[in-house]
Colleague: 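Structure below; questions to follow.
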Amino acid sequence: MSTVRLWYSPGACSLAPHILLNETGAAFEAIRVPIREGAHLTESFIRLNPKKRLPVLALDDEVITELPAIATAISHLSPERRLMGATPLEAARVYEWMNWLSGTVHAQGFGAIWRPQRFCDDAALHPAITAKGNQTVGECYAMMEGKLKGASFAVGSAFTGVDAFLVVLYRWGHRIGLAMDTAYPNFASLIKGHAARPSVQRTLAVEDIALDGTR
Ligand SMILES: N[C@@H](CCC(=O)N[C@@H](CS)C(=O)NCC(=O)O)C(=O)O
(Lines give C-alpha, C1' and ligand atoms only; values in the text may rest on other atoms or scores of the structure.)
Protein backbone atom coordinates (compact mmCIF):
# COMPACT_ATOMS: atom_id res chain seq x y z
CA MET A 1 0.00 0.00 0.00
CA SER A 2 1.36 3.43 -1.01
CA THR A 3 1.61 6.46 1.21
CA VAL A 4 -1.17 8.69 -0.14
CA ARG A 5 -1.04 12.50 0.05
CA LEU A 6 -3.47 15.03 -1.42
CA TRP A 7 -2.72 18.76 -1.67
CA TYR A 8 -5.97 20.74 -1.67
CA SER A 9 -7.33 24.25 -1.32
CA PRO A 10 -10.66 24.60 0.53
CA GLY A 11 -13.58 24.61 -1.93
CA ALA A 12 -11.38 24.36 -5.03
CA CYS A 13 -11.75 21.57 -7.60
CA SER A 14 -9.51 19.53 -5.29
CA LEU A 15 -12.69 18.97 -3.25
CA ALA A 16 -13.60 16.21 -5.77
CA PRO A 17 -10.53 13.98 -5.19
CA HIS A 18 -10.75 14.75 -1.47
CA ILE A 19 -14.29 13.29 -1.45
CA LEU A 20 -13.13 10.33 -3.55
CA LEU A 21 -10.32 9.54 -1.13
CA ASN A 22 -12.83 9.51 1.70
CA GLU A 23 -15.02 7.18 -0.40
CA THR A 24 -12.17 4.64 -0.68
CA GLY A 25 -11.62 4.36 3.06
CA ALA A 26 -7.84 4.39 2.39
CA ALA A 27 -5.54 6.18 4.82
CA PHE A 28 -4.28 9.46 3.38
CA GLU A 29 -2.81 12.80 4.39
CA ALA A 30 -4.65 15.95 3.27
CA ILE A 31 -2.35 18.95 2.95
CA ARG A 32 -4.05 22.34 2.98
CA VAL A 33 -2.69 24.86 0.44
CA PRO A 34 -5.08 27.83 0.39
CA ILE A 35 -5.01 29.47 -3.06
CA ARG A 36 -6.45 32.67 -1.61
CA GLU A 37 -3.33 33.02 0.54
CA GLY A 38 -1.06 32.28 -2.44
CA ALA A 39 0.15 29.09 -0.74
CA HIS A 40 0.38 27.39 -4.15
CA LEU A 41 3.00 29.93 -5.23
CA THR A 42 5.69 28.92 -2.77
CA GLU A 43 8.98 27.48 -4.01
CA SER A 44 8.29 24.07 -2.50
CA PHE A 45 4.80 23.78 -4.01
CA ILE A 46 6.01 24.88 -7.46
CA ARG A 47 8.75 22.24 -7.22
CA LEU A 48 5.99 19.70 -6.53
CA ASN A 49 3.73 20.93 -9.35
CA PRO A 50 5.35 23.36 -11.81
CA LYS A 51 1.85 23.99 -13.25
CA LYS A 52 1.12 25.84 -9.95
CA ARG A 53 -2.32 24.25 -9.65
CA LEU A 54 -4.26 22.05 -7.27
CA PRO A 55 -5.14 19.25 -6.80
CA VAL A 56 -1.94 17.26 -6.54
CA LEU A 57 -1.86 13.62 -5.51
CA ALA A 58 1.26 11.70 -4.47
CA LEU A 59 1.39 7.92 -4.24
CA ASP A 60 4.68 7.41 -2.44
CA ASP A 61 7.01 9.58 -4.59
CA GLU A 62 4.84 9.43 -7.72
CA VAL A 63 3.25 12.85 -8.23
CA ILE A 64 0.01 12.99 -10.24
CA THR A 65 -1.78 16.13 -11.47
CA GLU A 66 -4.97 16.80 -13.49
CA LEU A 67 -8.28 15.88 -11.95
CA PRO A 68 -9.34 13.00 -14.26
CA ALA A 69 -5.92 11.35 -13.83
CA ILE A 70 -6.01 11.86 -10.06
CA ALA A 71 -9.54 10.43 -9.83
CA THR A 72 -8.38 7.40 -11.83
CA ALA A 73 -5.40 6.83 -9.52
CA ILE A 74 -7.66 7.13 -6.45
CA SER A 75 -10.16 4.66 -7.90
CA HIS A 76 -7.39 2.03 -8.05
CA LEU A 77 -6.84 2.36 -4.29
CA SER A 78 -10.19 0.67 -3.84
CA PRO A 79 -11.02 -1.09 -7.14
CA GLU A 80 -14.09 -2.82 -5.73
CA ARG A 81 -15.77 0.61 -5.33
CA ARG A 82 -15.61 1.11 -9.13
CA LEU A 83 -15.32 4.87 -8.70
CA MET A 84 -14.60 5.39 -12.39
CA GLY A 85 -17.46 3.20 -13.65
CA ALA A 86 -18.55 -0.42 -13.24
CA THR A 87 -18.49 -1.47 -16.92
CA PRO A 88 -16.46 -0.42 -19.98
CA LEU A 89 -19.39 1.70 -21.18
CA GLU A 90 -19.78 3.36 -17.78
CA ALA A 91 -16.03 4.08 -17.73
CA ALA A 92 -16.36 5.76 -21.14
CA ARG A 93 -19.29 7.84 -19.83
CA VAL A 94 -17.31 8.81 -16.71
CA TYR A 95 -14.38 10.07 -18.82
CA GLU A 96 -16.77 11.78 -21.22
CA TRP A 97 -18.19 13.72 -18.24
CA MET A 98 -14.86 14.32 -16.50
CA ASN A 99 -13.15 15.75 -19.57
CA TRP A 100 -16.08 18.05 -20.30
CA LEU A 101 -16.33 19.19 -16.67
CA SER A 102 -12.62 19.90 -16.38
CA GLY A 103 -11.90 21.18 -19.90
CA THR A 104 -15.03 23.15 -20.72
CA VAL A 105 -17.04 23.90 -17.57
CA HIS A 106 -14.06 24.50 -15.27
CA ALA A 107 -11.21 25.74 -17.48
CA GLN A 108 -13.25 27.63 -20.05
CA GLY A 109 -16.32 28.72 -18.05
CA PHE A 110 -15.16 29.32 -14.48
CA GLY A 111 -11.64 30.14 -15.69
CA ALA A 112 -13.05 33.07 -17.68
CA ILE A 113 -15.21 34.22 -14.75
CA TRP A 114 -12.60 34.02 -11.99
CA ARG A 115 -9.34 34.26 -13.94
CA PRO A 116 -9.91 36.37 -17.10
CA GLN A 117 -6.19 37.23 -17.04
CA ARG A 118 -5.51 33.65 -18.18
CA PHE A 119 -7.17 34.50 -21.48
CA CYS A 120 -5.89 38.00 -22.21
CA ASP A 121 -3.37 40.43 -20.67
CA ASP A 122 -5.44 43.50 -21.56
CA ALA A 123 -7.45 44.26 -18.40
CA ALA A 124 -9.92 46.35 -20.42
CA LEU A 125 -11.12 43.13 -22.06
CA HIS A 126 -11.58 41.19 -18.82
CA PRO A 127 -15.25 42.16 -18.27
CA ALA A 128 -16.11 40.81 -21.74
CA ILE A 129 -14.21 37.58 -21.01
CA THR A 130 -16.02 37.21 -17.69
CA ALA A 131 -19.37 37.77 -19.43
CA LYS A 132 -18.49 35.03 -21.92
CA GLY A 133 -17.55 32.74 -19.01
CA ASN A 134 -20.95 33.34 -17.41
CA GLN A 135 -22.62 32.51 -20.73
CA THR A 136 -20.58 29.29 -21.07
CA VAL A 137 -21.38 28.22 -17.51
CA GLY A 138 -25.09 29.00 -18.05
CA GLU A 139 -25.18 26.84 -21.20
CA CYS A 140 -23.28 24.00 -19.50
CA TYR A 141 -25.47 24.03 -16.37
CA ALA A 142 -28.59 23.87 -18.57
CA MET A 143 -27.05 20.85 -20.31
CA MET A 144 -26.18 19.21 -16.98
CA GLU A 145 -29.72 19.79 -15.74
CA GLY A 146 -31.05 17.89 -18.76
CA LYS A 147 -28.53 15.04 -18.38
CA LEU A 148 -29.38 14.61 -14.66
CA LYS A 149 -33.17 14.26 -15.06
CA GLY A 150 -34.38 11.62 -12.56
CA ALA A 151 -30.78 10.61 -11.75
CA SER A 152 -29.50 9.59 -8.32
CA PHE A 153 -25.99 9.25 -9.81
CA ALA A 154 -24.46 10.88 -12.88
CA VAL A 155 -23.38 7.54 -14.42
CA GLY A 156 -24.87 4.11 -13.74
CA SER A 157 -26.24 3.23 -10.32
CA ALA A 158 -23.37 4.14 -8.01
CA PHE A 159 -21.23 7.10 -6.92
CA THR A 160 -18.35 7.93 -9.31
CA GLY A 161 -15.76 10.64 -9.84
CA VAL A 162 -18.36 12.56 -11.84
CA ASP A 163 -20.63 12.84 -8.78
CA ALA A 164 -17.72 14.13 -6.72
CA PHE A 165 -16.96 16.76 -9.40
CA LEU A 166 -20.66 17.75 -9.51
CA VAL A 167 -20.56 18.46 -5.77
CA VAL A 168 -17.82 21.03 -6.51
CA LEU A 169 -19.81 22.57 -9.37
CA TYR A 170 -23.02 22.74 -7.37
CA ARG A 171 -21.19 24.78 -4.73
CA TRP A 172 -19.48 26.94 -7.37
CA GLY A 173 -22.89 27.62 -8.93
CA HIS A 174 -23.99 29.12 -5.61
CA ARG A 175 -20.72 31.07 -5.40
CA ILE A 176 -21.42 32.86 -8.69
CA GLY A 177 -25.01 33.62 -7.68
CA LEU A 178 -26.95 30.96 -9.63
CA ALA A 179 -30.26 29.91 -8.07
CA MET A 180 -29.09 26.29 -7.89
CA ASP A 181 -32.09 24.88 -6.02
CA THR A 182 -34.81 26.47 -8.15
CA ALA A 183 -33.24 26.85 -11.60
CA TYR A 184 -31.57 23.39 -11.56
CA PRO A 185 -33.89 21.05 -9.59
CA ASN A 186 -32.48 17.81 -11.07
CA PHE A 187 -28.91 18.88 -10.29
CA ALA A 188 -29.98 19.99 -6.77
CA SER A 189 -31.82 16.74 -6.08
CA LEU A 190 -28.77 14.67 -7.08
CA ILE A 191 -26.56 16.74 -4.78
CA LYS A 192 -29.06 16.48 -1.90
CA GLY A 193 -28.59 12.70 -2.08
CA HIS A 194 -24.80 13.04 -2.15
CA ALA A 195 -24.85 15.46 0.79
CA ALA A 196 -25.95 12.59 3.05
CA ARG A 197 -22.85 10.51 2.21
CA PRO A 198 -20.31 10.26 5.05
CA SER A 199 -17.50 10.95 2.54
CA VAL A 200 -19.05 14.27 1.50
CA GLN A 201 -19.91 15.33 5.05
CA ARG A 202 -16.44 14.49 6.32
CA THR A 203 -14.72 16.34 3.47
CA LEU A 204 -16.85 19.48 3.85
CA ALA A 205 -16.11 19.48 7.59
CA VAL A 206 -12.34 19.10 7.07
CA GLU A 207 -12.26 21.84 4.39
CA ASP A 208 -14.63 23.96 6.55
CA ILE A 209 -16.92 24.83 3.65
CA ALA A 210 -20.67 24.61 2.96
CA LEU A 211 -22.46 23.18 -0.08
CA ASP A 212 -24.57 26.33 -0.43
CA GLY A 213 -21.39 28.34 -0.92
CA THR A 214 -21.92 30.53 2.15
CA ARG A 215 -18.40 29.52 3.21
N1 LIG B 1 -6.53 21.15 -15.33
C2 LIG B 1 -6.34 21.18 -13.91
C3 LIG B 1 -6.91 22.48 -13.40
C4 LIG B 1 -6.62 22.70 -11.95
C5 LIG B 1 -6.96 24.13 -11.51
O6 LIG B 1 -7.15 25.07 -12.32
N7 LIG B 1 -7.00 24.29 -10.19
C8 LIG B 1 -7.27 25.58 -9.61
C9 LIG B 1 -8.15 25.41 -8.38
S10 LIG B 1 -9.79 24.94 -8.77
C11 LIG B 1 -5.97 26.23 -9.19
O12 LIG B 1 -5.08 25.55 -8.71
N13 LIG B 1 -5.87 27.56 -9.35
C14 LIG B 1 -4.74 28.30 -8.92
C15 LIG B 1 -4.36 29.38 -9.89
O16 LIG B 1 -4.95 29.47 -10.98
O17 LIG B 1 -3.46 30.15 -9.53
C18 LIG B 1 -7.04 19.98 -13.27
O19 LIG B 1 -8.03 19.49 -13.83
O20 LIG B 1 -6.58 19.49 -12.22
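Just follow the structure's listing: the first ligand is 1, and inside any ligand the first atom is 1. Hydrogens, waters and symmetry mates are skipped; everything else that's a heavy atom, side chains included, is used.
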Colleague: Just list the side-chain donor-acceptor pairs under 3.5 Å for residues 186-203, sequence neighbours left out, or say none.
Modeller:
from, atom 1, to, atom 2, distance (Å)
Asn186, ND2, Glu145, O, 3.1
Asn186, ND2, Glu145, OE2, 3.1
His194, NE2, Asp163, OD1, 2.8
Arg197, NE, Glu23, OE2, 2.8
Arg197, NH2, Glu23, OE1, 3.2
Arg197, NH2, Glu23, OE2, 3.4
Ser199, OG, Glu23, OE2, 2.5
Gln201, NE2, Ala195, O, 3.1
Arg202, NE, Asn22, OD1, 3.2
Thr203, OG1, Asn22, ND2, 2.8
Thr203, OG1, Ser199, O, 2.5

Colleague: Quick one: table the atom pairs, ligand 1 N or O against protein N or O, below 3.5 Å, distance rounded to 0.1 Å.
Modeller:
from, atom 1, to, atom 2, distance (Å)
ligand 1, 1 (N), Glu66, OE1, 2.6
ligand 1, 6 (O), Arg53, NH1, 3.2
ligand 1, 7 (N), Leu54, O, 2.8
ligand 1, 12 (O), Leu54, N, 2.8
ligand 1, 16 (O), Arg115, NE, 3.4
ligand 1, 16 (O), Arg118, NH2, 2.7
ligand 1, 17 (O), His40, NE2, 2.8
ligand 1, 19 (O), Leu67, N, 3.3
ligand 1, 20 (O), Leu67, N, 3.1

Colleague: Measure the acute angle between the ring planes of His174 and Tyr170, then classify it against the limits of 30° and 60° as parallel, tilted or perpendicular.
Modeller: perpendicular
Colleague: Extract all donor-acceptor atom pairs below 3.5 Å that involve side chains of residues 207-215 and protein atoms in other chains or at least two apart in sequence.
Modeller:
from, atom 1, to, atom 2, distance (Å)
Glu207, OE1, Gly11, N, 2.8
Glu207, OE2, His18, ND1, 2.7
Asp208, OD1, Arg215, NH1, 2.9
Asp212, OD1, Thr214, N, 3.0
Asp212, OD1, Thr214, OG1, 2.6
Arg215, NH1, Asp208, O, 3.4

Colleague: Using a 6.0 Å cut-off, check whether atom CZ of Arg32 has over 12 heavy atoms from anything other than its own residue.
Modeller: yes
Colleague: Shortest non-hydrogen contact from Ala154 to Leu166?
Modeller: CB-CD1, 3.8 Å
Colleague: Could you work out the complete set of other residues in the hydrophobic cluster of Ile31, with links drawn between I, L, V, M, F, W and Y side chains under 4.5 Å apart?
Modeller: Trp7, Val33, Ile35, Phe45, Leu48, Leu54, Val56, Val63
